[in-house]
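Step one of this worksheet: look at the structure below.
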Amino acid sequence: MFSSLRDVTVERTPTGALPVIKPLLDWTVLVPRGGKWGDGVAAQLRALGAAPVIAPLINFAGTEQPEQLAAALERLQAGGYGWLVVTSATTVDVLVGHDVRVPATTRIAAVGETTAHALQLAGYSVDFVPSDHSARGLVREWPGTAAQGAVLVPQSEIAEPTLVSGLAERGIDAQFVSAYRTVGVAAPAAVVADVAAGRIRALIVSSGSVARQIAEQFAPLPAGTVVVCIGPRTAFDARAAGLTVHRIADERSTAALVRALAEYAMNPDDSAPPVVP
């Protein structure tokens, strides 16, 4: 049995085509978000043989404090912040929706490569991405100083205070502003039935909000249903919601999330799965 995707040797055929290794063949996997994120994950799953089912369990709505957000973004554009910290592609959408132009004097930090890519696609320069793609990693590796000015942290209204409190402990004036709301979305009845019957073999969990929706809408999950989380913080939230976590991605990226599921499919009994770059 393969224990890692590295164990799979793939050689070109005489025609130049690559034989396909599909460790997720016959796996039906729930993708809990739609849009570009969901489409991208679904494509990666299909490439490994899975049948993805896209059923968004969360959506995003405008903040209930639009005046505070507008004031913070106005100050940002006027150069009132030394740093802007962006933790999700949804925040990037908010910046674009408000036509925010970040001055050259303001540095931008992204929590992970996915967020950094979204910023760059939107035309923003990214000055810092921590090697540990998490709020705690960003605080631990923070390159700024108090002398550089205040830090703006626009996030979901239910975001954990990890960033703001962590930076504050380092003497940084970090200011949270609610940029959007995360709201639950009911899964179609057919999806609920398929999860209950065990026809959906795996659920991928991309955030604490998704974990809570899975617990609310699908629990108790069938014994054979596999739950894979995008990182340790999400795994913590999933367990807090009552879910059993079978595998945790080694980094906060969709590729790592899909890879973690594939690793599990190849060796579900591995209690210490390898980290695959």
Side-chain angles (χ1 to χ4, degrees), residues 37 72 76 80-92 94-95 102 105-120 122 124-180 182 204-212 228-241 245 247-260 263 271-277:
W37 192 95
L76 172 66
Y81 293 99
W83 282 86
L84 168 67
V85 174
V86 182
T87 60
S88 71
T90 306
T91 301
V92 179
V94 171
L95 296 173
V102 180
T105 54
T106 300
R107 297 172 177 85
I108 300 178
V111 165
E113 293 294 349
T114 300
T115 303
H117 182 60
L119 281 163
Q120 291 165 343
Y124 298 105
S125 298
V126 178
D127 299 283
F128 173 67
V129 180
S131 59
D132 177 356
H133 298 168
S134 68
R136 288 178 175 79
L138 186 142
V139 170
R140 187 167 52 249
E141 301 174 31
W142 183 249
T145 65
Q148 292 174 328
V151 177
L152 179 63
V153 186
Q155 292 179 289
S156 165
E157 64 177 11
I158 61 172
E160 294 288 334
T162 305
L163 269 175
V164 173
S165 61
L167 290 174
E169 289 174 1
R170 300 189 57 172
I172 306 297
D173 179 15
Q175 301 176 11
F176 164 83
V177 65
S178 173
Y180 59 91
T182 303
I204 56 175
V205 186
S206 58
S207 68
S209 298
V210 166
R212 288 184 283 274
V228 177
C229 295
I230 202 168
R233 177 66 215 189
T234 300
F236 175 87
D237 291 338
R239 291 179 177 125
V245 176
R247 197 59 61 91
I248 305 171
D250 55 274
E251 62 181 38
R252 289 187 59 85
S253 70
T254 58
L257 184 59
V258 172
R259 185 170 62 238
E263 294 278 3
S271 61
V275 175
V276 183

Checking the side chain of [X] only, and the main-chain atoms of [Y] only, is there a donor and an acceptor separated by less than 3.5 Å?
X: Glu141; Y: Asp132; answer: yes
X: Glu169; Y: Gly166; answer: no
X: Ser165; Y: Pro161; answer: yes
X: Arg170; Y: Val139; answer: yes
X: Asp127; Y: Ala109; answer: no
X: Thr106; Y: Tyr81; answer: yes
X: Gln155; Y: Phe176; answer: no

Work out which heavy atom in [X] is nearest to a heavy atom in [Y]; give both atom names and the distance.
X: Pro130; Y: Ala110; value: CD-O, 3.1 Å
X: Ala174; Y: Val153; value: CB-CG2, 4.5 Å
X: Ala249; Y: Ala260; value: CA-CB, 3.9 Å
X: Ala118; Y: Val92; value: O-CG1, 3.7 Å
X: Val129; Y: Val111; value: CG1-O, 4.3 Å
X: Ile172; Y: Gly144; value: CD1-O, 4.4 Å

How long is the gap from [atom1] on [X] to [atom2] on [Y], to the nearest 0.5 Å?
X: Tyr180; Y: Thr90; atom1: OH; atom2: OG1; result: 4.5 Å
X: Leu152; Y: Trp83; atom1: CG; atom2: CH2; result: 13.5 Å
X: Arg247; Y: Glu263; atom1: CZ; atom2: CD; result: 7.0 Å
X: Thr114; Y: Leu257; atom1: OG1; atom2: CG; result: 10.0 Å
X: Ile230; Y: Ile248; atom1: CD1; atom2: CD1; result: 12.0 Å
X: Ile158; Y: Arg212; atom1: CD1; atom2: CZ; result: 5.0 Å

Practice task
Answer yes or no: does atom CZ of Phe236 have more than 12 heavy-atom neighbours from other residues, nucleotides or ligands under 6.0 Å?
Solution key: no
Minimum side-chain heavy-atom gap [X]-[Y] below 4.5 Å:
X: Thr234; Y: Ser206; answer: no
X: Glu160; Y: Arg233; answer: yes
X: Leu84; Y: Leu95; answer: yes
X: Leu76; Y: Val102; answer: yes

Practice task
Applying side-chain hydrogen bond (donor to acceptor under 3.5 Å, both in side chains), run through Thr182 and Ser156 and close with a yes or a no.
Solution key: CA-CA 7 Å; Thr182 303; Ser156 165; 3.1 Å; yes
